> 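The following block contains the structure, expressed as structure tokens.
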Amino acid sequence: MKHFGILMQKEWRENIRNYKIYWIPAIFILLGITEPAVNYFLPQILEASGGLPEGAVFEIPTPTPEQILMAVLQQFQTIGMAVLILAYMATIAGERKSGTATLLYVRPLSFSAYFLSKWVVAAAISLASVWLGFFSGYYYTRLFFGEVEIIKLLQMIGFYSFWVLLILTIVLAASAALPNGGLAAAAAFALYVLLQLADGLLGANWSVSPVKIPQYAATWLTGNPDLPSLWGAVGITVVIILVLFGFGSWISRKNKAKTKV
Amino acid sequence: MDQTTLILALLPILIIQLALMIFALVDLIKNPNPNGPKWMWGIFIVVINIIGPILYFVIGRKNY
């Protein structure tokens, strides 16, 4: 594990140099702020875009603060996850392609430490971004719409984090297995869509499913979700993450030979 | 809420967008070999809000 610290440092420096440490949080904060702001200014926006005929009466119900925070979560589910997948699609595949990997692979390298170092840095940056995004969204929701108990928000963020980690691990494993970043992103997107589709079509039959974590997390805002199913889903997620972890380290060792010099 | 507090409240959105744009532009200028013509990326970054800088960081930097 002595390598781990050094690999971590390398990974950290790389994330600073390719600006990921700045732009990923920036996007999540923007997503978090825009949702409450757009909802607050919706009447003015409609008026300014001028689509309404003279004398039209439009009753726009004011959304509750909980609804706004759920909308923020929806934004993270679509745009946010896409951004994370695109940002980390090339972590391992790109290294093999650009030749950085040769510098690493010629040394005696523990591939689990290698995979872990990438995972830890990517997870730290994406979780920090998601949290910052939620907190800024929360601040603006309070400013524009009213109070939500912070403990509810924290519960939601905490459980949603497991989902973020799952997506991240899928991307990293795909990046280790496939020849380039584009393919890895395509595979991760396909899996993401398929999982949600399967859960949408057949999900009524089971309550314990990792795909349901975002829903359960959102339920914390308005009440209590079904706790046994939630913990079951979290348990399955952790197991999947560990399995993908083993798979990722194994496949990155196996793909060692595919490195371009 | 009166006008000034509103404007102050929305200032962060503007600042973050500008910061993203500036980061992307500085990197583009220093980048010796971007993935595609430099002027095209410049237009993308300046004209398309938020998405432009992201696209540049993800596919324009040729680090994959």
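Bear in mind the structure is a predicted one, so any value in this text is a computation, not a measurement. Naming: A, B, ... by sequence-line order, numbering from 1 per chain.
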> Select one option (side chain, backbone, both, neither) describing which atoms of A/I24 are under 4.5 Å from chain B's heavy atoms.
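No part of A/I24 comes within 4.5 Å of chain B.
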> How about A/Q77 and A/Y160: does a side-chain donor come under 3.5 Å of a side-chain acceptor?
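There is such a pair (donor and acceptor under 3.5 Å, judged by atom type) between the side chains of A/Q77 and A/Y160.
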> Taking distance alone, no hydrogens or angles, what donor-acceptor pairs closer than 3.5 Å link side-chain atoms of residues 78-89 of chain A to residues at least two apart or in another chain?
unit_1	atom_1	unit_2	atom_2	d
A/T78	OG1	A/Q74	O	3.3
A/T78	OG1	A/Q75	O	3.3

> Is chain B contacted by the side chain of A/Y140, its backbone, both, or neither, given a heavy-atom distance below 4.5 Å?
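Just its side chain gets close to chain B.
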> With sequence neighbours left out, write down each residue that passes side-chain hydrogen bond (donor to acceptor under 3.5 Å, both in side chains) with B/N49, or none if nothing qualifies.
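Partners of B/N49 under the side-chain hydrogen bond (donor to acceptor under 3.5 Å, both in side chains) test: none.
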> Is it the backbone or the side chain of B/I50 that comes under 4.5 Å from a heavy atom of chain A, or both, or neither?
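The side chain, not the backbone.
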> Given A/Y114, which of A/E95, A/E11, A/H3 fulfils the side chain to side chain donor-acceptor pair (under 3.5 Å) condition?
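Going through A/E95, A/E11, A/H3 one by one, the side chain to side chain donor-acceptor pair (under 3.5 Å) with A/Y114 is satisfied by A/E95 alone.
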